[in-house]
Colleague: 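This is the structure I have questions about; it appears just below.
If you're wondering where the values come from, they're calculated on a predicted model, not measured in any experiment. Just so you know, these numbers use all the heavy atoms, side chains as well, and skip hydrogens, waters and symmetry mates.
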Amino acid sequence: MSARTFLSTGKKIVAIGRNFSEHAKELGNAVPTSPFFFLKPTSSYLANGGTIEIPKGCDVHHEVELAIVMGKETRDCPASKVMDHVAGYALAIDCTARNLQVQAKNKGLPWSTAKGFDTFSPISEFIPKESIGDTGNVDLWLKVNDRFRQQGNTKDMIFSVPKLLEYVSSIMKLEAGDVILTGTPSGVGPIKAGDVVTAGMKPGNADKDIVQVKFNVADRNGLFQA
């Protein structure tokens, strides 16, 4: 199994929460003292060029993130060695039904509904590992209808990528094709039907993006009603 085919072969998406202090503050959350994560289903993947679907009654927000694609089985791996287990990267958007997430948090319930809808993990194609020399200096941006919403750099992460992978692998085995979403900078906000979402990513010392993605947004026709 090749990690390059993570969209069809990966078994899980591990999403790190509140890993940028300014994002934690904008949502009124405490800045964590240890990594915090939740799981998203791989059925929520949406390939570049697809359409993000807004379920009925949902206030959906965008969260642009650096995604790590694992290359081999990783369990209890220290930060000093864990990057050897990484196959490459991707640019992802963690979509969140914010109103459902707030309701779940207030009741002490999981976030699975708010995070797990189909199309709620828009993501780029596989990016080879050599394209990013330092995961601690990656520029991320996201626009809605050609207006910047998010512009950040992974140097502002609370926990570095190696530390995140060490932590997650101390709890659960990571496998080839699994994806870790590493957190989002501030500026998250709503998207609605008719919007066009674009995003890009580049090493902090590069002149141009190594990847860009584009997604349309439409209402979802389905049984769910918030």
Side-chain angles (χ1 to χ4, degrees), residues 6-8 13 15-17 19-20 22-23 26-27 40-69 88-102 111 113-127 131-132 138-154 156 179 181-204 206-226:
F6 70 92
L7 280 174
S8 58
I13 305 169
I16 307 296
N19 198 32
F20 287 72
E22 291 305 312
H23 170 60
E26 75 179 346
L27 295 184
K40 300 189 71 169
T42 55
S43 54
S44 67
Y45 277 137
L46 178 67
N48 190 7
T51 298
I52 301 168
E53 298 177 352
I54 308 296
K56 295 171 187 166
C58 289
D59 175 25
V60 178
H61 284 204
H62 57 77
E63 302 181 14
V64 68
E65 313 204 10
L66 167 66
I68 311 300
V69 182
Y89 307 99
L91 175 64
I93 301 171
D94 175 22
C95 291
T96 306
R98 191 70 72 199
N99 55 328
L100 301 185
Q101 185 190 39
V102 170
W111 299 359
T113 302
K115 296 282 191 176
F117 285 100
D118 296 344
T119 77
F120 267 30
S121 296
I123 197 161
S124 74
E125 61 274 17
F126 179 85
I127 299 169
S131 299
I132 296 177
V138 178
D139 290 327
L140 303 166
W141 63 265
L142 182 143
K143 294 179 180 180
V144 177
N145 303 328
D146 286 328
R147 292 189 177 185
F148 278 110
R149 290 275 191 88
Q150 292 185 269
Q151 290 179 279
N153 186 287
T154 57
D156 296 323
V179 163
L181 307 182
T182 58
T184 192
S186 62
V188 302
I191 54 176
K192 63 184 186 303
D195 285 343
V196 177
V197 179
T198 53
M201 177 172 73
K202 70 178 181 66
D207 294 328
K208 62 180 182 179
D209 291 332
I210 56 173
V211 66
Q212 290 189 4
V213 293
K214 180 178 180 180
F215 301 95
N216 295 317
V217 184
D219 289 326
R220 171 176 173 144
N221 293 317
L223 298 177
F224 184 84
Q225 172 70 58

Colleague: Applying the side chain to side chain contact (heavy atoms under 4.5 Å, CB included) criterion to Ile191, which one of Val196, Ile54, Leu142 satisfies it?
Modeller: Ile54
Colleague: Would you indicate whether the side-chain heavy atoms of Leu66 and Ile132 approach each other to under 4.5 Å?
Modeller: yes
Colleague: On the 0 to 90° scale, with breaks at 30° and 60°, tag the Phe117-Phe224 ring pair as parallel, tilted or perpendicular.
Modeller: perpendicular
Colleague: Applying side-chain contact (heavy atoms from CB on, under 4.5 Å), run through Cys58 and Leu100 and close with a yes or a no.
Modeller: CA-CA 7 Å; Cys58 289; Leu100 301 185; 3.8 Å; yes
Colleague: Please step through side-chain contact (heavy atoms from CB on, under 4.5 Å) for the pair Asp94 and Thr184, ending with a clear verdict.
Modeller: CA-CA 8 Å; Asp94 175 22; Thr184 192; over 6 Å; no
Colleague: Is a side-chain N or O of Asn99 found less than 3.5 angstrom from the main chain of Gly57, in a donor-acceptor match?
Modeller: yes
Colleague: Verify, without hydrogens or angle tests, whether Asn216 (side chain) and Gly50 (backbone) share a donor-acceptor contact under 3.5 angstrom.
Modeller: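 The answer is no, because no donor-acceptor pair under 3.5 Å joins these two groups.
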Colleague: So which atom in Phe20 and which in Asn153 form the shortest heavy-atom distance, rounded to 0.1 Å?
Modeller: CE2-O, 3.3 Å
Colleague: For residues Glu63 and Lys115, determine if any side-chain heavy atom of one lies less than 4.5 Å from a side-chain heavy atom of the other.
Modeller: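 Sidechains of Lys115 and Glu63: in contact.
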Colleague: What do the steps show when you test Gln150 against Leu140 for side-chain contact (heavy atoms from CB on, under 4.5 Å), and what is the final call?
Modeller: CA-CA 8 Å; Gln150 292 185 269; Leu140 303 166; over 6 Å; no
Colleague: Can a donor-acceptor pair be found, under 3.5 Å and without considering hydrogens, that links the side chain of Glu53 to the backbone of Thr119?
Modeller: no
Colleague: Please tell me if the side chains of Lys40 and Trp111 come closer than 4.5 Å, counting only heavy atoms from C-beta onward.
Modeller: no
Colleague: Write down the atom of Ala90, the atom of Ile123, and the distance for their closest heavy-atom approach.
Modeller: CB-CG1, 3.8 Å
Colleague: Whether the side chain of Lys56 engages the backbone of Gly222 through a donor-acceptor N/O pair (distance < 3.5 Å, no angle test) should be reported.
Modeller: yes
Colleague: Which pair of heavy atoms, one from Ala92 and one from Leu181, lies closest together, and at what distance?
Modeller: CB-CD2, 3.6 Å
Colleague: Between Tyr45 and Val179, is a side-chain contact (heavy atoms from CB on, under 4.5 Å) present by the stated rule, with each step listed?
Modeller: CA-CA 11 Å; Tyr45 277 137; Val179 163; 3.1 Å; yes
Colleague: Which pair of heavy atoms, one from Asp209 and one from Gly200, lies closest together, and at what distance?
Modeller: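 Taking every non-hydrogen atom into account, OD2-CA, 4.0 Å.
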Colleague: Ignoring hydrogens and angles, tell me if any N or O in the side chain of Glu65 forms a donor-acceptor pair with the backbone of Gly183 under 3.5 Å.
Modeller: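 Yes, the answer is positive, given that a donor and an acceptor are paired below the 3.5 Å cut-off.
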Colleague: On a heavy-atom basis, which atom in Glu125 and which in Val211 lie closest, and how many Å separate them?
Modeller: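 Nearest pair, atom of Glu125 first, then Val211: OE2-CG2, 3.8 Å.
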Colleague: Between Asp195 and Val144, is there a donor-acceptor pair closer than 3.5 Å when you use the side chain of the first and the backbone of the second?
Modeller: no
Colleague: Rounded to the nearest 0.5 Å, what separation is found between the CD1 atom of Ile13 and the OG atom of Ser43?
Modeller: 8.0 Å
Colleague: Quick one: which of Leu46, Val197, Thr198, Leu91 gives a side chain to side chain contact (heavy atoms under 4.5 Å, CB included) with Val213?
Modeller: Leu91
Colleague: Drop me the distance from Ile127's CD1 to Ile68's CD1, to the nearest 0.5 angstrom.
Modeller: 9.5 Å
Colleague: Taking atom CZ of Phe126 and atom CZ of Phe6, what is their separation to the nearest 0.5 Å?
Modeller: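 Between atom CZ of Phe126 and atom CZ of Phe6 there are 8.0 Å.
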Colleague: State plainly whether the residues Asp59 and Arg98 are in salt-bridge range, i.e. N to O under 4.0 Å.
Modeller: no
Colleague: What pair of heavy atoms forms the shortest contact from Val60 to Phe120, and how long is it?
Modeller: CG2-CZ, 3.7 Å
Colleague: Report yes if the side chains of Ile52 and Pro122 come closer than 4.5 Å at any heavy-atom pair, otherwise no.
Modeller: yes
Colleague: Distance check, rounded to the nearest 0.5 Å: Gln225 atom CD versus Arg220 atom CZ?
Modeller: 12.0 Å
